[in-house]
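In what follows, a structure is listed as structure tokens, so that the remarks can point back to it.
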Amino acid sequence: MFLVPGVGNVLRLVVGFDRATEETWTLGIRNNDPSAERHFTWVVADSEAETVQPWVDPGSFIPAFADPSFTPAGGASGTSVTLSGRNFHIGMPRVTFGTVPAALLAPPAPGALTVSAPDGLVNPGQPGADLPVSVETAAGTAVASGVFHAVPPAPAFAAPPFAPEPALLGRKLLLHGRNFHFAPVTVEFRALEFFDDDSRLPVPGEVLGRPSATEMTVRIPTGVFVLGPIGKISVTVTTAGGSVTCAQALRILVAPPTPDLEDFSPSAVEVGAEVTLNGQDFDGSPVTVTFSVEGQAPVPAVLLEPPTATRIRVTAPSLGPEAQKRARIIVRNQFGSSASAELITINHAVG
């Protein structure tokens, strides 16, 4: 075996052996100048005449899309998309939707690539987005003639889907999942145990604040039918991307209404100033409010008016001779109590 120089930088690899000989050859090409791109072609021939014009035009390796370029023409993130064309297998192809790279779902083939539509193609608040699709290989880049119409992804629940669980009617409920942030967002609750057709009807809940991609806080409506002492209801979330009903039922505890202190304002006050408490089930008489400092007995506060179901107004009590104290607020009725998550700062004038 030896090399014979030819015209136009063509080297002939000449191998001689008897016709009765059977041999296995492993051939390879190494580019010793990695700073420059080289194109090589193997030509296997029985005669020198068959080696004429062995070079292939490098331009023939450049990827190109067919018509149609891809199917389907649109979808949400995670949709399997098949791209059709040629030379998609040169090197390791890179597919992008707009500027977002897509993951290959199967090994590249010369005429087809199968990818997953990536996340992040549609921004919250957008009804959809039209994006160019491109394939980049070691030989070049091709851009499809059409655009991919991306739509908001459907919402989905995670595990565990709820907190707390079991929950109470009228209280806050934190939902865990994904794609919750594509407005408009609504939530519905439906009885799973009922006596009549009216009990089957869905009851809308209240979405509190702005949902994130993975969490949303809602208020469970009091009007949904629950068969106690522990009932079961379904939870359905609807966004711009579609609707999903959680496969796991939400358990509802049918119990006496204990107070639920959600927040208060302001966060810092002078002794004797008004403090407003917000929450649920404050009207279960009798109701008391105390301010508790670690290491000392709770100090009762004076109610400025009879509590409503969702609000209590009190005056900030003196917590001692110090200029400033921080305390936790506790609301209590005959069935239980609820403490504030944050501490309030009470300033005492020292004269």
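Every heavy atom of this structure was used, including side-chain atoms; hydrogens, water molecules and symmetry mates were not.
- Between Val122 and Val151, the closest side-chain pair of non-hydrogen atoms is not below 4.5 Å.
- Pairs of residues two or more places apart, or lying in two chains, that qualify as side chain to side chain donor-acceptor pair (under 3.5 Å) and include a residue from residues 231-249 are Thr236-Thr245, Thr238-Ser243.
- In this structure, Leu319 and His348 have side chains that are not in contact, with every pair of non-hydrogen atoms separated by 4.5 Å or more.
- With a 4.5 Å cut-off on side-chain heavy atoms, Phe70 and Val115 do not count as touching.
- Under the 4.5 Å side-chain criterion, counting only non-hydrogen atoms from C-beta, His176 is in contact with Leu174.
- Residue pairs meeting the ring-ring contact (aromatic ring centres under 6.0 Å, His included) criterion with at least one partner in residues 273-332, sequence neighbours excluded, do not occur; the list is empty.
- Residues Val203 and Leu168 are members of separate hydrophobic clusters, defined by side-chain heavy-atom contacts under 4.5 angstrom among Ile, Leu, Val, Met, Phe, Trp and Tyr.
- Listed by first then second residue, pairs satisfying salt bridge (Lys or Arg N to Asp or Glu O under 4.0 Å) with a partner in residues 279-294 read Arg171-Asp281, not counting sequence neighbours.
- Under the 4.5 Å side-chain heavy-atom criterion for grouping Ile, Leu, Val, Met, Phe, Trp and Tyr, Val254 is connected to Ile233 within one hydrophobic cluster.
- Rounded to the nearest 0.5 angstrom, Leu104 CG and Met92 CE are separated by 6.5 Å.
- Legend: ring-ring contact (aromatic ring centres under 6.0 Å, His included) pairs involving residues 243-276, not counting sequence neighbours: none detected.
- Checked against the 6.0 Å centroid threshold, Phe88 and Phe65 count as a close aromatic pair.
- Within the 4.5 Å cutoff, the side chain of Leu250 has heavy atoms near those of the Ile220 side chain.
- The OG atom of Ser292 sits 9.5 Å away from the CG atom of Leu343 when rounded to the nearest 0.5 Å.
- Ser338 places a side-chain N or O within donor-acceptor distance of the main-chain N or O of Leu261, the cut-off being under 3.5 Å.
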Ignoring hydrogens and angles, write down the donor-acceptor pairs under 3.5 Å from the side chains of residues 152-166, residues two or more places apart or on other chains.
residue : atom : partner : partner atom : Å
Glu165  : OE1  : Arg251  : NE           : 3.2
Glu165  : OE1  : Arg251  : NH2          : 2.9
Glu165  : OE2  : Arg251  : N            : 2.9
Glu165  : OE2  : Arg251  : NE           : 3.1

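- Within the structure, the salt bridge (Lys or Arg N to Asp or Glu O under 4.0 Å) test picks out the following pairs touching residues 323-344 (sequence neighbours left out): Glu322-Lys325.
- Screening residues 96-114 for side chain to side chain donor-acceptor pair (under 3.5 Å), with sequence neighbours left out, gives Thr96-Ser134.
- Between the CD atom in Gln126 and the CG atom in Leu121 there is a gap of 10.0 Å [rounded to 0.5 Å].
- Within the structure, the ring-ring contact (aromatic ring centres under 6.0 Å, His included) test picks out the following pairs touching residues 122-148 (sequence neighbours left out): Phe97-Phe148.
- For Glu305, the salt bridge (Lys or Arg N to Asp or Glu O under 4.0 Å) criterion is met by Arg311, Arg313, not counting sequence neighbours.
- For Gly170 against Thr222, the heavy-atom pair with the smallest separation is CA-CG2, 3.8 Å.
- Tested against Asn278, the residues Asp260, Asp263, Thr310 include a single side-chain hydrogen bond (donor to acceptor under 3.5 Å, both in side chains) partner, Asp263.
- Leu303 and Ile329 fall within the same hydrophobic cluster, defined by Ile, Leu, Val, Met, Phe, Trp and Tyr side-chain heavy atoms under 4.5 Å apart, directly or through other members.
- Across every non-hydrogen atom of Ile344 and Pro266, the tightest pair is CD1-O, 3.7 Å.
- Nearest heavy-atom pair, Thr79 versus Pro72, reported as atom, atom and distance to 0.1 Å: CG2-CG, 3.9 Å.
- In terms of modelled atom types and a separation under 3.5 Å, the side chain of Thr217 and the main chain of Leu208 share no donor-acceptor contact.
- The side-chain heavy atoms of Val287 and Val331, taken from C-beta on, include a pair separated by under 4.5 Å.
- Among residue pairs with one or both ends in residues 106-141, none qualify as ring-ring contact (aromatic ring centres under 6.0 Å, His included); sequence neighbours excluded.
- No chain of hydrophobic side-chain contacts below 4.5 Å, direct or via other Ile, Leu, Val, Met, Phe, Trp or Tyr residues, connects Val95 to Leu105.
- Once rounded to the nearest 0.5 Å, the distance linking OG of Ser318 with CG of Asn347 reads 11.5 Å.
- Pairs engaging residues 204-216 under the salt bridge (Lys or Arg N to Asp or Glu O under 4.0 Å) rule: Glu206-Arg219 [sequence neighbours left out].
- When every heavy atom of Phe180 is checked against every heavy atom of Val185, the shortest pair comes out as O-CG2, 3.4 Å.
- Between the Asn87 side chain and the Gly140 main chain, no donor and acceptor come within less than 3.5 Å of each other.
- Applying the salt bridge (Lys or Arg N to Asp or Glu O under 4.0 Å) definition to pairs two or more places apart or across chains, none involves residues 104-132.
- By the 4.5 Å heavy-atom criterion applied to side chains, Ile346 and Pro317 are counted as neighbours.
- Connection of Ile330 to Leu277 is not established within any shared hydrophobic cluster, with ILVMFWY side chains joined at heavy-atom distances below 4.5 Å, either directly or through further cluster members.
- Taking every heavy atom of both residues into account, Ala139 and Ile62 meet most closely at O-CG1, 3.5 Å.
- By the 4.5 Å heavy-atom criterion applied to side chains, Ser212 and His181 are not counted as neighbours.
- What you find for Ala183 and Ala240 is that their closest heavy atoms are O-CB, 3.3 Å.
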